Amino acid sequence: MSTVPALYHHLVDDASMFPPGNLPLEEAVAAHRSHLHSAYADLVGTFVCTDDDLMKVAEAASTPLRVSVVISGGAGGIEPVVRWGDRSKDVVVAGVEVRLRDEDDLSRNALRVVRACDDCLDEEAAYVEIGTEGAWERALDVVADAGYHAKLRTGGLDAHLFPSSQQVAAFITACLGREVPFKCTAGLHNAVRHTAEGFEHQGFLNVLLATRASLDGANSDELVELLDNRDGEALAARARGLSDDQAASTRRWFTSFGSCSIEEPVTDLKSLGLM
């Protein structure tokens, strides 16, 4: 029997090669294998790498590895990764992640990305990193019409990469209103909202519960209040109160988040009595 409740199954994608973790490639692949054979294996999602590192990851893999590939070259970089993954015996490309370029018309860039995905994707998921600046909702409309997923950056190495609770609430509401599944990346190492090194970090438990609340009809102010909540015990009690159906529908939309640490989410869930 799994020690990981369904609400957290495959919630944490392993982005240990990315800042601030920056684990060397071979160490990162070996550590991922260790996570997949641990008592908390059901918490772990895909291994995240860039398209530049994909072949090296395949060489380091001793058995087929499920990977999410961050595309560094824009829409034109999607098809080569998918075609190479189709031929590889060492990796399974479970998804591609593409960041929209900064330009006046984000929806035009989004259209190029979804057309590239249409041309080559089969069972792979596509996550389009949109952001919450400019005409981002128009770009989200394009992603929604094409049936792909969205991605929100929730942290990084600079303050401007950390969205406010109002921005996260708006993103969740916009995705659910358009029936767009989404993932998050960076800054969500810990379960509960907190301040670290001068940055305001969202908590993944906060985001899970805000997603659930939005599905239940909560307004923007209520979502912001949940996202700002730093009471871990209160959040944990609310999470424990979710039914299996509520957990499943929450995770249908908030699919996962990328973290350079697997240990930190594990530690937090254990300390809150949630795993």
Side-chain angles (χ1 to χ4, degrees), residues 4 8-54 56-58 60-61 65-72 81 91 93-99 125 127 129 131 149-163 168 171 182-208 232 254-272 274-275:
V4 180
Y8 316 109
H9 275 199
H10 309 302
L11 177 64
V12 188
D13 290 329
D14 187 348
S16 57
M17 290 175 59
F18 291 78
N22 295 317
L23 205 61
L25 188 149
E26 291 191 0
E27 291 182 31
V29 171
H32 185 71
R33 289 291 182 204
S34 178
H35 295 315
L36 293 178
H37 289 89
S38 69
Y40 53 83
D42 285 338
L43 177 71
V44 183
T46 57
F47 183 82
V48 186
C49 68
T50 66
D51 46 2
D52 291 335
D53 285 329
L54 179 58
K56 296 176 184 177
V57 168
L65 199 67
R66 286 179 56 81
V67 297
S68 291
V69 184
V70 176
I71 305 298
S72 59
V81 164
V91 297
V93 176
V96 294
E97 305 180 16
V98 189
R99 181 180 181 274
Y127 288 89
E129 184 179 332
H149 301 352
K151 176 180 173 182
L152 177 66
R153 183 162 298 276
T154 48
L157 300 179
D158 296 301
H160 77 276
L161 297 174
F162 290 80
V168 176
F171 180 83
F182 66 92
K183 73 174 294 185
C184 297
T185 185
L188 283 184
H189 304 167
N190 295 103
V192 179
R193 182 180 180 87
H194 64 286
T195 304
E197 298 179 354
F199 299 140
E200 292 296 317
H201 291 255
Q202 301 289 335
F204 66 81
L205 191 57
N206 299 76
V207 177
L208 279 169
F254 178 23
T255 63
S256 66
F257 67 92
S259 173
C260 69
S261 169
I262 300 294
E263 290 83 359
E264 289 179 64
V266 169
T267 298
D268 279 12
L269 289 172
K270 287 182 176 179
S271 68
L272 291 169
L274 294 174
M275 190 174 77

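Computed from a predicted model, the values in this text were never measured in an experiment. Values below: every heavy atom of this structure, side chains too, minus hydrogens, waters and symmetry copies.
- Taking CZ of Phe47 as the start and CG of Leu54 as the end, the distance is 10.5 Å to the nearest 0.5 Å.
- Counting non-hydrogen atoms of other residues, nucleotides and ligands closer than 6.0 Å to CZ of Arg33 gives a total above 12.
- When atom types are taken as modelled, the side chain of Ser68 and the backbone of Val96 share no donor-acceptor pair closer than 3.5 angstrom.
- Of the possible donor and acceptor atoms, none in the side chain of Thr46 sits under 3.5 Å from a partner among the backbone N and O of Val48.
- To the nearest 0.5 Å, atom CG of residue Asn206 and atom NE2 of residue His201 are 13.0 Å apart.
- The salt bridge (charged side-chain N to carboxylate O under 4.0 Å, His left out) contacts involving residues 182-195 comprise Asp13-Lys183, Glu97-Lys183, Arg193-Glu200, Arg193-Asp228, where partners must be two or more places apart or lie in separate chains.
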Side chains of residues 153-163: which donor-acceptor pairs under 3.5 Å do they make with residues two or more places apart or in other chains?
{"from": "Arg153", "atom 1": "NE", "to": "Glu129", "atom 2": "OE2", "distance (Å)": "2.9"}
{"from": "Arg153", "atom 1": "NH2", "to": "Glu129", "atom 2": "OE1", "distance (Å)": "3.3"}
{"from": "Thr154", "atom 1": "OG1", "to": "Thr185", "atom 2": "O", "distance (Å)": "3.1"}
{"from": "Thr154", "atom 1": "OG1", "to": "Ala186", "atom 2": "O", "distance (Å)": "2.4"}

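- By the 4.5 Å heavy-atom criterion applied to side chains, Tyr40 and Ile262 are counted as neighbours.
- Every residue two or more places apart in sequence or in another chain that forms a side chain to side chain donor-acceptor pair (under 3.5 Å) with His194 is listed here: Asn190.
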Which side-chain N or O atoms in residues 15-30 pair as donor and acceptor under 3.5 Å with protein atoms at least two apart or in another chain?
{"from": "Ser16", "atom 1": "OG", "to": "Asp14", "atom 2": "OD1", "distance (Å)": "3.1"}

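- When side chains are defined from C-beta on, Val98 does not count as touching Tyr127, because their heavy atoms never get closer than 4.5 Å.
- When all heavy atoms of Asp268 and Ser271 are compared, the pair lying nearest together is O-OG, 2.8 Å.
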(message) For Val168 and Leu152: C-alpha separation, side-chain torsions, deciding distance, then whether side chain to side chain contact (heavy atoms under 4.5 Å, CB included) applies.
(response) CA-CA 8 Å; Val168 176; Leu152 177 66; 4.2 Å; yes
(request) Tell me, with the steps shown, if Leu272 and Leu205 meet side chain to side chain contact (heavy atoms under 4.5 Å, CB included). (result) CA-CA 11 Å; Leu272 291 169; Leu205 191 57; 4.1 Å; yes
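- To the nearest 0.5 angstrom, His10 atom NE2 is 5.5 Å from Asp42 atom CG.
- How far CG of Leu188 is from CD of Glu264: 11.5 Å, rounded to the nearest 0.5 Å.
- The CZ atom of Phe171 sits 6.5 Å away from atom SG of Cys184, with the distance rounded to the nearest 0.5 Å.
- When all heavy atoms are compared, the tightest approach of Ser259 to Ser261 is OG-O, 2.6 Å.
- Across all non-hydrogen atoms, the minimal contact from His32 to Gly45 is CE1-O, 3.6 Å.
- Side chain of Asp51 to backbone of Ser72: a donor-acceptor contact under 3.5 angstrom is found.
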(message) I'd like to know whether Phe204 forms a side chain to side chain contact (heavy atoms under 4.5 Å, CB included) with Leu269, so could you lay out the CA-CA distance, the side-chain angles of the two residues, the decisive distance to 0.1 Å, and finally the verdict.
(response) CA-CA 10 Å; Phe204 66 81; Leu269 289 172; 3.9 Å; yes
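- Residues passing the salt bridge (Lys or Arg N to Asp or Glu O under 4.0 Å) test with Glu263, sequence neighbours excluded: none.
- Residue Phe182 holds its CZ atom at 10.0 Å from OG of Ser256, rounded to the nearest 0.5 Å.
- Across Val93 and Val81, no two heavy atoms sit closer than the pair CG2-O, 4.2 Å.
- Under the ring pair (Phe, Tyr, Trp, His ring centres under 6.0 Å) criterion, His189 pairs with no residue at all, not counting sequence neighbours.
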